[in-house]
Amino acid sequence: MRPASSLQFLRPYLWKPAAPPTPAYLRFFHLARQQELEQANALKYPRLRHNGPPMRIPDFRVKYADIEQGVVAEEEVTLHGRVESVRRAGNKLVFLDLKAEFERVQGICNFGKLSDGTTLQSLKQLARLLNRGDIISIRGRATRTPAGELTIQATHLPEVLTPSIVPLPTKLVDEESRTQYPHLDMLVNQRTTDILRLRSYIIRYLRDFFQERGFLEFQTPILAADASGANARPFTVSAKTVSKDLSLRIAPELWLKRLVVGGVDRVFELGPAFRNEGIDQTHNPEFTICEFYHAYANLSDLISLTEDLVRGAAAHCQSLIATKLTSLPPIDLAEFQNPFRQAEFIPALESALGFTLPDLALPTALQDLLTLLTTHNIPLDNIDNNDSPTSSLSQLLDRLAASYIEPLSATAPLFVTHHPLCMSPLAKSFTCPKTGQQVSARTELFLGGRELANMYEEENDPYEQRRKFLEQAAAKVKEAADPDGVESEPAIDEGYVHALASGLPPTGGWGCGVERLVMLFSGTRRIGDCLSFGNLRNVVGLAAAGKKDIEI
């Protein structure tokens, strides 16, 4: 596009890592662009009028995919979209690229082909004012140029529906700028948008997968008196209606199992969960979780269903990457074809450590295990990850697994099965015939060292569940004891235990963070890339970033 004289010194506009735009530059561009449009009486935001049958650009490309060079369709249609480029060829011919719904089409404004009485001066003014980023409506007929480009040949002068006041960069690679201006990042960087599109497709795939197998989708409460269903710190909010503090849910698990008690034998939910904990490459305080509960399913059923789901999702995502989401790396489907490998927690850990674990059901199990680690010269620094590995037996075992078992999934999917009882208070338990330890009917799926899904046979004995709740709550209270050693009374979800007394059938439960699946199939290693506006720090910073740039 040949720039307008008043903006000549601001062009070309390119955001580079070494020189991101300053707030002063953005303010100056905004004022200059605003003045330019006002002087031309073009700073307008008209209501949308359909001057002809409106058509989506993807539908336009499909309908006229076979139109031949030189042929002009008889039907007039109207396309809407954002201008990506404007090119003038003399005074009477303007080329532009229009994009909407992630697809592009070329437009041609040839003065000799306009049939709406447009003057040459009007065409010149449009060509002068039209800017990259403007949203326009163009009415015309489909044709194919001698260069083979599918094109809409305008029969009416295009109308600007929304002028772009802020410059739309041609590149955006500076990390700070991408974080501050996520909407521009999406407009400029295809990979950013393709990851978010893949997330949408995966969510739809999950819904279709479960509904095809007879599951019903239910919505459960996000606000409740207490957050339960997982071992995490909740967010609390003040609620005037009930005059008490409430918690945002950390998982929908206990609500969904109440639905199974109520007769919904196959139920799932896709929705947000909130955990008041840290932010890193794979964790964000707000995320999307998918959980399902299947009455009369055991651990083998859950493993088989998970293999089908992940294998199908991989094939589905690869098909999308090959056709629509072309900026994402291809998925190697071979690693999902064979039955996934399995490793039992305790035998695998004993093999890696080189000694037999103590009886993990004893009150002294934590100290006994720490002593063995010291005896075998295994430093605790190797298994520390910002949290103290000695605060509880469950934490210590979890850190050991992260160091010695989960890396076994580096090249292929791995089910880690039969975790020690202390790590799974909501799962059914039994005595392992190999080790004699009390273990749970649980498995986690890992790939590339990352957890993808967690599943187990649900504890449906109300007496046993209450005992496990008490043990878990007592351990938490002990960890959080005040400096004087005073411990508070452990709290458990008596309402859930009472629900179990009405009869929960043998049930298999399953949970998966949606972002983990998106990370796996998009090839990204950051959870923030899978969230529309990044992680919580990015979201909090957006409001402050907007205030210092442009005042409208």
Exercise: do [X] and [Y] side chains pair donor with acceptor under 3.5 Å:
X      : Y      : answer
Thr236 : Asp245 : no
Thr443 : Thr417 : no
Arg199 : Ser522 : no
Glu459 : Ser424 : no
Ser247 : Asp226 : no
Thr507 : Glu457 : no
Thr220 : Arg258 : no
Gln437 : His418 : no

Within 45° of the axis and under 6.0 Å from the centre of the six-membered ring of Tyr463, does NZ or CZ of Arg467 qualify?
-> no
Atom CZ in Arg266, atom CG in Leu216: separation rounded to 0.5 Å?
-> 10.5 Å
Decide side chain to side chain contact (heavy atoms under 4.5 Å, CB included) for Glu217 and Phe210; before the verdict, give the C-alpha distance in whole Å, the side-chain angles of both, and the deciding distance to 0.1 Å.
-> CA-CA 9 Å; Glu217 182 175 10; Phe210 292 122; over 6 Å; no
Look at Arg466 together with Glu494 and state whether they make a salt bridge at an N to O cut-off of under 4.0 Å.
-> yes
Taking [Y]'s backbone N and O only, do any of them form a donor-acceptor pair with [X]'s side chain (distance below 3.5 Å, no angle check)?
X      : Y      : value
Ser409 : Glu406 : yes
Arg178 : Leu184 : no
Gln337 : Leu333 : yes
Asn538 : Asn535 : yes

Close side-chain approach of [X] and [Y], heavy atoms under 4.5 Å:
X      : Y      : answer
Thr306 : Phe415 : yes
Leu187 : Leu168 : yes
Leu373 : Leu396 : yes

On a heavy-atom basis, the closest approach of Ile303 and Met455 is N-SD, 4.4 Å
Might you point out which heavy atoms bring Leu309 and Trp510 nearest each other, and give the distance in Å?
-> CD1-CH2, 4.2 Å
Measure centre to centre between the rings of Phe215 and His294, then say whether the value is under 6.0 Å.
-> yes
